[in-house]
Structure formats: C-alpha cells, structure tokens
Protein chains: 2
Amino acid sequence: MTINKSDKPGISPYLQVKQAILQQIRGGELKPGDLISGEEELALHFKCARVTAHRALRELAEEGVVVRKRKSGTRVAAPSARSTRFSIPLIDVEIRSAGHEYSYSLVKKSIIAPPDIVRVKLDLKRDTEALHIQCVHYASSQPYQFEDRWINLAATPNAAKAAFDNEGPNAWLLREVPWSDAEHILYAENAPEDRARLLDLTRGDAVFVLERRTWTADQTVTFVRLFHPGSTFRMRASRVGL
Amino acid sequence: MTINKSDKPGISPYLQVKQAILQQIRGGELKPGDLISGEEELALHFKCARVTAHRALRELAEEGVVVRKRKSGTRVAAPSARSTRFSIPLIDVEIRSAGHEYSYSLVKKSIIAPPDIVRVKLDLKRDTEALHIQCVHYASSQPYQFEDRWINLAATPNAAKAAFDNEGPNAWLLREVPWSDAEHILYAENAPEDRARLLDLTRGDAVFVLERRTWTADQTVTFVRLFHPGSTFRMRASRVGL
DNA sequence: CCAATTATTATGTATGGACATATTGATATA
DNA sequence: TATATCAATATGTCCATACATAATAATTGG
C-alpha cells in the first residue's frame, strides 16, 4: 500500500520503468534480441504493481522498441523495420506557419470519366464520371504545390455543387466528409511541360510528388497527386523518442 | 462483478468501446470538434469500468483521432494535422521482399574533414575528420539506391576499422551502435552527372532523396543521403485504422 | 469591476486481486 | 514414434477503489 512519491517527485512510475528500460537499450546494456525481465520481476524491482510494469512494456512494444510474446517474454526489437511518423499538415497551415502568405488559384474543374489509371485508383466502373479539380497553392506568390485531384461523386455528391473558388478541395473535403483512412505514396519525377509551367519551373525540373488515396468505410472518396518543386520542398520527420 | 462475455464473444471491452466511437466518427455521427461522452458516462453505457473507457479514449488520443483535455473533456480531433507512419525497411530486406536479388558495391571509403554542410549536420568541430562512405545497392543488377554516408568517428571509433566490403554501413551500424533516434528529410532533385552515372541515369533525371541523421543519447552518429531513381522508386504508407 | 482564491470536474495514474489466453514443454496415449 | 493432452508460465485484460492533476467555474475580497 506504499504510494510512490519517494523515488522521484513528479514522474509517473510507469514512465520511470519505461525510461529505465529505454536507457538500458540506448546505452547498449540491452542489445537487440535480449530478453527483458518479466513484468512480475520488474514490478518487484521498481516496487510497483505488475499492471504498471505491464503498461511500460506495452507502450514500448507499441513504439516498436520491444517485441512481446506470451509465455516467451519480452525482447529488445531488432531495429530493422524502422518506421517514422511524417505529419502532413494542411497546405495553408503549412505555408502560413513558415511565415509566408497563402493564396490559392483554381485551374480547372470538370466532371468527366477519368483515365484508366485514375479510374482504377478510385475503384470506379467504366465510363463513370468523377469530379476533376486542378489548382495551385502559393506561398507568397511563389507556386508551392500543384494539386491534381479526382473526387468520387458517388461518395460525395455535394462536391459537384461546391465552387472551390476560395477554398481548396482538401479543406472542403475535410469539412464535408466524415473521416477517412488514407494511403500515401511518395516519389520524384521530372516535370512535364504543363506541370512545370504551373509550378513556375522548367520542363524536366525535379518534382516531389505526394499521392494520396482516401476512403470512408468502404468507398474511395478521392485520389490526389500533390506536386512540389523539388528545389525548395522538404518533407520532415524528427523523432526523438520520449 | 459481472464479467463481460455477454455482449460480444472474443473482443475485449476496451476495443468494443474504441470501435464503437471510431465507427461513430467514421459514420459522421460525431464530427470534428464534437464532444464525446465522458469516461464515467461511457463506462455506464458500455457496462464497464471507468479505466476501461479511459483506455479506449487514451488510445484514440494517441492515434490522433480525438483530443483530450482535463476538465474540458474529449473531442473529435480536427483531421488537419494528420500524420502517417512510413516504415523504412533495411535496404536488403526491401529489395529481397520485392522479389529481386540484392547486391552491394562499395564505391569510396575515406577519412577526411567533411564539407561545412555535412560538418554542421554531424555537429563536428572545424577540421575534425569523419568517415566518408559511398556505395550502391542493386536490385537484380539494377541500381536501386546510392548511399552517401558520413560517420562520426568520435561516436563509433570502430567504424574506421570496418571493411564494408560485403556489408552496407547501415547494417554494420545497426549491429554495432546500440540504439538511435533519427531525423528524416525527404526531397526530390535533379541528378548531377556523377550521381546519375552511379544510378545508371542521365544527368538531370529526377532523384528521390532520403536524408537521415542519427543520434545515440547526445552524439550524432551518422548523416546519410540515400538517392533513388525517381522513375522507379516509391515510398508507401498505407494506414487502415483498426 | 477586476483580481485572487477556492470549489468542481474530467482526465490521468496506481494498486491488488482476479481471470483470460497463447505458447511452450512435459506427459501420456495410440 | 507420432500425436494428443495437460500443466506451467508470461503476457493480456478486467475490475473497484483511491488519489493526483489540470483547467474551468464559482466565490470572495479589494
């Protein structure tokens, strides 16, 4: 029945356990593959309840630092399949937070049957029409992103009525479409003539492309390709564990 | 003292709560900004302990689906600052799992004072030498990645002795250096002459660059730029929540 | 009327005790 | 020997209860 409060002042016991283990791993005392003490033992060592040790280990497992298996125990994960979180902010937020002025211009808006490559991505039947939108996002009058988007009208009929004059389709979709899971693909390409012009580049200049497909429940809502000038655009993820 | 087992067979109560809330969000019944019932209320509704409801909400918060604030309550998160996990597998694993044969070739290995741009990234003093390694990773004899790496010898003195003949420096580092936090930067560029040749490309071809800086505890261990042919390389992240 | 103080409230965490479940290893059986 | 059964074990989850903490709302004093 001894409450903590004795070892360290403000830090929660489960965090203490977590940090202690992390430190051992970082310091090399625990190497990948090594077996970590069981929950019971940890609880004894750190003078806490088993559930508390359990939470520490569970969170480390969620973060990919350790691997847990019933009966076998907990081991330090092989740092092979690292993963990193990239945050993808709203374009206007991103631009403004970089200290630039955001502006937006609609290039094209039409309802047509998409080419097969897009049709497959949207999971549409042949000759089904979709909303096609092209627009450019500017940072202090410099083109920052060219957006080429297709919207499945079966999933969001309202989109056909939206103007997209002052607001980008992404902002509109976020407002109108409930929630969505997404798939992201990143790659680089040489800008063809038309895209180069829209981004104020020369034909052949490197372009950073972010492709995103979005679903609600079962339907594909939208497929978008976001093109950024390779010379200036950077996508960052800094991970400092704990 | 009523154990669950009545509502749904195998699914844990906390997952039931979690899924129920997720479904309401996905279905649009709960929109961004909406207030979710408090833990107490949820516990009552789902006939579970408050801790159970708490866990459901906590995990949803960790996943960025909801935002929690003491006294105020829990709200559906604005889907603005979305973030996605990209997994970055080991190069040889990546190539082999794509069904190709992996091979590796060392291009250059020297110990010199790095240029200022690199020096700053490695956080080294002026005129401090570092290990510079360049190598190419092949997928079925096609160049897949050109690796340009700098290693801080103060952090890993052993690296100077390593041959890197048969093994890439990344694999070596993962074995020798305990654990590490990393920063990632992605961008696109036009290949200069030398890089183009190494990747079997033409000067100016789009290249996808992954820049990574790695630390242990406080020291910068390594700074690496990984160059991929833009025409074939894709970086994927598919997120399907729950 | 504004500022400082004090409740109130919802989330955050800890504990001991209990049962659930997967997996391993030993044992018994065909 | 191969296979089925069962015990042991470490993780996984649940509960009731308790106290901690942050932020808002209410109250009080100047």
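The analysis underlying the following values was restricted to heavy atoms, covering all of them including side chains, and did not include hydrogens, waters or symmetry mates.
- Regarding A:L15, its CG atom lies at a distance of 14 Å from the C1' atom of D:dA20, rounded to whole Å.
- Ring-plane geometry between A:F208 and A:F233 is classed as tilted, the angle between the planes lying from 30 to 60 degrees on a 0 to 90 degree scale.
- Between B:F164 and B:W172, the angle of the ring planes goes over 60°, which puts this pair in the perpendicular group of the 30/60° scheme.
- Classification of the A:Y104-A:H137 ring pair by plane angle, with boundaries at 30° and 60°, yields tilted.
- Contacts of B:R175 classified as salt bridge (charged side-chain N to carboxylate O under 4.0 Å, His left out), with partners at least two apart in sequence or in another chain: B:E167.
- The interatomic distance linking B:R75 (CZ) with D:dT24 (C1') rounds to 13 Å, in whole Å.
- Atom pair B:K18:NZ and D:dT13:P shows a separation of 10 Å (rounding to whole Å applied).
- The minimum heavy-atom distance linking A:L106 with A:A163 is given by the pair CD2-O, 3.9 Å.
- Checked options B:V66, B:L60, B:V67; the residue passing with B:I36 is B:V66 (criterion: side-chain contact (heavy atoms from CB on, under 4.5 Å)).
- A sub-4.0 Å separation between OP1 or OP2 of C:dT15 and a side-chain N or O of A:T52 is present.
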Assign a letter to each nucleotide of nucleotides 5-12 of chain C from its 5' end: B, base within under 4.0 Å of a protein heavy atom; S, sugar-phosphate only; -, no contact. ---BBBBB

